[in-house]
S.K.: 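Submitted below is the structure of interest, expressed as structure tokens.
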Amino acid sequence: MPSNRCMVIGCDTTHDNKSILRHRFPKNKETCDIWVERTGNNKLLNKTIQQIFQSYVMCDKHFDDSCKSPGFKKLVVGSIPTLNLPDSCNMSVSETADTFDSTAVMDNDAPIYEYCNMTDMSVTETSDLLNSTPVMDNDASTYEYCNISDMSVTETPDPSTSTIVIHNDVTTPNCREIPMKPKNLFNNAKGTLEEINTTRVNALTPRKSLLYHASQRYRQRNSVLRQRSLNVKQRILKAERYMQTNIKSMDKLNTFTQNFIQSQIRMQAQKPRGRRFTTDDKVFALSLYKQSGKAYKVLSKMFALPSRKCILDLLKKIPFEAGINKRIFEHLKTAVRKIKHKLDRYCSVIFDEVSLSASLQYLEQYDKVIGFKDFGGQNRSSDFADKALVFMVRGSRKKFKQPVAFYLTNGNMNSSNLSIIIKEVIKAVQSTGLKVVSTICDQAPTNVAAINRLLKETNEKYATEDKEGRRFGFEIGTQEIIPLYDVPHLLKGLRNNLVSKDLNFTYDDKQMIASWKHVIEFYELDKNQSTGGDRLAPKLTDNHIYPQKMKKMKVSCAAQVFSQRVGAIMKRLPVLLNTSNNQSVEKKVQSTVEDTGHLCLFIDNLFDSANGNAIKPVAGKELRSAVTLNSVHWDFWRKALIVLQSMQYETKTRKVIPSVVNWIKTIKGLQVLCKRLLNDGFKYVLLRNFNQDPIENFFGSIRSHGVRNIKPTCANFITSFKALVINNFTSNHSFGSNCENDDCDGALDNLKEFIFNDIPIDDTNLVDDEFNSITLKTPVQEFRPYHILNSNSRAYVTGWVIKKIKKLTKNCNCCMKIITSDQILKEHMVIETRQYDNCNLSYPNDVAMDIFNYLIEMFNLNFDKFVYKCNSKASYNYLISYFIPPNYFTCPEHDLFNIFLKTATNLLIYSYITHINRILTKGEKSVTSDQIKNNAMVYHDKYAKKKNVLLRQNVNYV
């Protein structure tokens, strides 16, 4: 830090005088030498410029006002000290001329020089003007502020020794004695008073005086803003230079890293409230926040990241609701038009359900309660939703996946509704320009029944039109859709049935019997005979073999049992044991274990043929490759259908197992589908593109958003659904998940356009005929409560409502007089008890308390008819307003009655939703006529694991 003592000899500025500004010496060598010389301080002569800059200062007394810009404390660049200097350091013409690297030749009698405006000079050659030698006539005793116009300048032929002869025979009307400052040599600015031919402010009229002072203020403000603008431009130039110098290193980084680094460079210097993030910054921050809220909080302390509210506001701009969203599909049309090759538009529609927790949440923005069964639009019911049916589009050739719709359902969804939804979604996907060639789902009974219903409708259509129904699949919009079942699910189905039942089948014209007991015997033999590191099937564990420990939902466990290694060893195991001398071991293994080995090898080949992902065949695993016109798949599928049709599990009823039937349908469907795609121009078909792995990975990302939530609520599901669509599935494939990596490049479109443009909420009819047909119940008795505790609690809550109204009306005195009381009533006992210092609680009057009591009674009797509907609050308030005369609250400036009604209804709705959630989670009991509460109690008793019910009396919401 430099010293506070001024270095000018004889300066009276003391060390502790903080009212006078100090200025560091300049770093420019020429200017610094002039400062050092004018201080008269020999101490500075042997110092370097850096030492002088760091350790010494000069006070503000030695600088003229022209050295500072209005509104700034810093000196103008190039300022020279001219005031209060030592006698030996008085300013001379030669010293000032040195600042311009010129040599001035003047009369010695001139103590100062003129401040000239050389605007109209005629110069023969001006290239070496500053290096010329001016020769002036010193006829004037004083040197004036002159406008040197019409002067003739003659330059000698030699530029290095040229002489500028200036004849000072021009008189100027406006002259004043001003010390010259080199920077202001070309300044022609005039004061405001000079422009109006006035010299004193006192001579102005009052109006002109006001205008003069206003103009001065705005001039100063303009100067400050101009300087700020220059500073911003300089920072931008520095940033551009920095990016240009580091562009090579930045090119090596991916897009996310580049955007993040650039964002940190921009935002770190800004205050938190002054940061303005781009949309890409917010989307990236949203993906981080949805992975872990706690981790995001820690990262926010180290990096400049958007606030939680900022990133969550993004989700409100995405109009993704249950059912078919027309704006989403209209937006997807634009993305599909960008796909040039027509074969890249071939796709499959995948649908599956994910389990949710029954819970309600009110979204005030949409005026809707989330958590009820919702099929889109007005098609909602009072049943609690505990599942979400999700539809996703996956490319058959181009690697993309795109969620397009979801429906909130429960376990009682029937096949007729599902078939209608499937047709609606496929028609909407076809309207975007995509060509749907197949549907993929698991073999849940509802899904199978819905597919059979669609097939039946297509057959009946052809029978009615007297046409031959040669189509294998069902028809929607003149396009044949091939129904396929998820191959990994079919594999689990075969394994799960084999665990409890033996399987009879024909293989190579031989009747065989496979049993799970053979697999157990092989596993125990392999494990007991092993001495460490020499097991035949090292991947098999107790979780693969023993039914009580088996993970029945894990596809990998089934695939590792029905593997080529296990099948080959079991097939040859009887031969190996017959050649051994260990008879005890030989007796444990039955002769039919060879049949189970043949089954394992067959299922392994069957699974590879329907789940291949390699373009070129792999040695020993030719069926795991892509399907072509000459591939080995066609011959294998022909033989596999014979084996599958011969399969029959040993059951008491001898019924056909669905897994076997669905395997046959899927293999036949793959044959038809591959022939069509190859004929349309596909060079090969990768059958890995026709399973449910994308939607399973999507569900895994939803469950892992923020915390490991196996059963998220409906509101959490919708929020995560939107976030994953926006950030284009940045969540990685989960380690140990129940499916393979889907190998998709990303979404067909990430719907970011909804973030840039504010999409208005659909203006649906607030009150339709259904609401008008509802008959509202009214309280039988007088609505003011008689119990003193109840009346005091409701009075206190009424005061809370008044506090909210006070903010909405901006503390309107007229509104407060209408709904507040100047006197303390008996109902204000709780308010008085809660009153403390600097706490301005509101005391409602009798009218406000009576209206609020009436609203509570009407809400408890009638809101269960509105809660599951769209626009529930608006519809309820519309009908309830007919029962309360609005002339109770009349304010000339505000609609006080509607403000009071909306604020009170908001409070009651949130309290109602909280009570319903307590019933669903904790099983609170109460005797009530409310249908929603009764449904919640029934749901908890039926589905909740814990049966500890907390008995309670009638629960008031306030």
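Positions are given from 1 along the sequence.
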S.K.: Check for a donor-acceptor pair, side chain of Ser300 on one end and backbone N or O of Tyr296 on the other, with a separation under 3.5 Å.
M.R.: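 Answer holds: yes.
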S.K.: So which atom in Ile52 and which in Lys47 form the shortest heavy-atom distance, rounded to 0.1 Å?
M.R.: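 Ile52 and Lys47 have their closest heavy atoms at CG1-CB, 3.5 Å.
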S.K.: State the OG-CG distance between Ser19 and Asp60, to the nearest 0.5 angstrom.
M.R.: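 The CG atom of Asp60 is 10.5 Å from OG of Ser19, to the nearest 0.5 Å.
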S.K.: A side-chain contact here means heavy atoms from C-beta on lying under 4.5 Å apart; do Asn4 and Val57 qualify?
M.R.: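 With C-beta onward as the side chain, the pair stays apart.
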S.K.: Taking the side chain as every heavy atom from C-beta outward, state whether Val76 and Lys68 have any pair of such atoms under 4.5 Å apart.
M.R.: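 No, too far: nothing below the 4.5 Å cut-off.
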S.K.: Does some side-chain heavy atom of Leu305 sit less than 4.5 Å from a side-chain heavy atom of Leu299?
M.R.: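 Result yes, sub-4.5 Å side-chain heavy-atom pair found.
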S.K.: Please report the shortest heavy-atom distance between Pro26 and Ile49, naming the atom on each side.
M.R.: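 Minimum heavy-atom contact is O-CG2, 4.1 Å.
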S.K.: Checking the side chain of Arg38 only, and the main-chain atoms of Pro81 only, is there a donor and an acceptor separated by less than 3.5 Å?
M.R.: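 Yes, the answer is positive, given that a donor and an acceptor are paired below the 3.5 Å cut-off.
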S.K.: Do Gln835 and Tyr843 have side-chain heavy atoms sitting under 4.5 Å apart?
M.R.: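 A side-chain contact exists here, since the closest heavy-atom pair is under 4.5 Å.
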S.K.: Ignoring hydrogens and geometry, is there a side-chain-to-backbone donor-acceptor pair from Ser215 to Leu211 under 3.5 Å?
M.R.: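 Yes; judged by distance alone, with no hydrogens or angles, the pair exists.
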S.K.: Could you grab the distance from atom CG of Asn202 to atom CG of Leu204, nearest 0.5 Å is fine?
M.R.: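 Result: 8.0 Å between the selected atoms.
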S.K.: Which pair of heavy atoms, one from Met58 and one from His62, lies closest together, and at what distance?
M.R.: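 Heavy atoms only, the tightest pair is CG-CD2, 3.6 Å.
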S.K.: With heavy-atom distances below 4.5 Å as the criterion, would you say the side chains of Arg22 and Thr13 are in contact?
M.R.: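 Side-chain contact under 4.5 Å: yes.
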S.K.: Any side-chain heavy atom of Arg219 within less than 4.5 Å of one from Gln216?
M.R.: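 In contact.
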S.K.: For the CZ atom on Arg275, are there more than 12 heavy atoms of other groups (residues, nucleotides or ligands in this structure) within a distance under 6.0 Å?
M.R.: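 Yes, enclosed.
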S.K.: Between the main-chain N or O of Asn28 and the side-chain N or O of Thr31, is there a donor-acceptor pair closer than 3.5 Å?
M.R.: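 Not at all, since once roles are kept as given, no pair shorter than 3.5 Å links the two residues.
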S.K.: Could you check whether any side-chain N or O of Ser79 sits under 3.5 Å from a backbone N or O of Leu75, counting only pairs where one atom can act as donor and the other as acceptor?
M.R.: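 Absent.
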S.K.: Which heavy-atom pair separates Lys43 from Met7 by the least distance, and what is that distance?
M.R.: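 Answer, listing the atom of Lys43 first, then Met7: CD-CE, 4.4 Å.
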S.K.: Using 0.5 Å steps for rounding, measure from the OG1 atom of Thr820 to the CD1 atom of Ile802.
M.R.: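 Reported to 0.5 Å precision, the distance equals 6.5 Å.
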S.K.: Atom SG in Cys59, atom CG in Asn84: separation rounded to 0.5 Å?
M.R.: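 One gets 8.0 Å once the value is rounded to the nearest 0.5 Å.
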S.K.: Please state whether the rings of Phe260 and Phe303 are parallel, tilted or perpendicular, taking 30° and 60° as the class boundaries.
M.R.: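 Perpendicular, since the angle between the ring planes exceeds 60°.
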S.K.: I need the full list of ring-ring contact (aromatic ring centres under 6.0 Å, His included) pairs touching residues 25-57, with sequence neighbours left out, sorted by first then second residue.
M.R.: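 The answer is Phe25-Trp35, Trp35-Phe63.
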S.K.: Does the side chain of Asp281 come under 3.5 Å of the side chain of Thr278 through a donor N or O and an acceptor N or O?
M.R.: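 Distance-only check passes for Asp281 and Thr278.
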S.K.: For Asn231, is the CG atom crowded, meaning more than 12 foreign heavy atoms sit under 6.0 Å from it?
M.R.: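 Atom CG in Asn231 is packed in, count exceeds 12.
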S.K.: Rounded to the nearest 0.5 Å, what separates atom CZ in Arg24 from atom OG in Ser55?
M.R.: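 Rounded to the nearest 0.5 Å, the CZ-OG separation comes to 8.5 Å.
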S.K.: Pick one: which of Gln264, Gln270, Arg266 meets side chain to side chain donor-acceptor pair (under 3.5 Å) with Gln268?
M.R.: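 Single pass found, and it is Gln264.
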S.K.: Hey, does the side chain of Gln51 reach the backbone of Thr48 with a donor-acceptor pair shorter than 3.5 angstrom?
M.R.: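 The answer is yes, because a donor-acceptor pair under 3.5 Å joins these two groups.
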S.K.: Verify side-chain contact (heavy atoms from CB on, under 4.5 Å) between Lys27 and Cys32, making sure each step is shown before the conclusion.
M.R.: CA-CA 6 Å; Lys27 290 185 176 181; Cys32 182; over 6 Å; no
S.K.: Walk me through whether Lys61 and Asp12 qualify under salt bridge (charged side-chain N to carboxylate O under 4.0 Å, His left out).
M.R.: CA-CA 10 Å; Lys61 291 181 180 180; Asp12 58 353; 2.6 Å; yes
S.K.: Taking all atoms of both residues into account, what is the closest heavy-atom pair of Ile9 and Pro86, and its distance?
M.R.: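 Where Ile9 meets Pro86 most closely, the heavy atoms are O-CG, 3.5 Å.
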S.K.: Can you name the nearest heavy-atom pair linking Val201 to His213, along with the distance?
M.R.: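 Between these two residues, the closest heavy atoms are CG1-NE2, 4.2 Å.
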S.K.: Compare all side-chain heavy atoms of Val283 with those of Leu286 and state whether any distance is below 4.5 angstrom.
M.R.: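 Heavy-atom side-chain distance check fails, nothing below 4.5 Å.
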S.K.: Report, one line per pair, each donor and acceptor closer than 3.5 Å where one atom sits in a side chain of residues 808-818; sequence neighbours left out.
M.R.:
residue: Thr809; atom: OG1; partner: Ile805; partner atom: O; Å: 2.8

S.K.: State the CZ-OG distance between Arg221 and Ser223, to the nearest 0.5 angstrom.
M.R.: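 Reported to 0.5 Å precision, the distance equals 12.5 Å.
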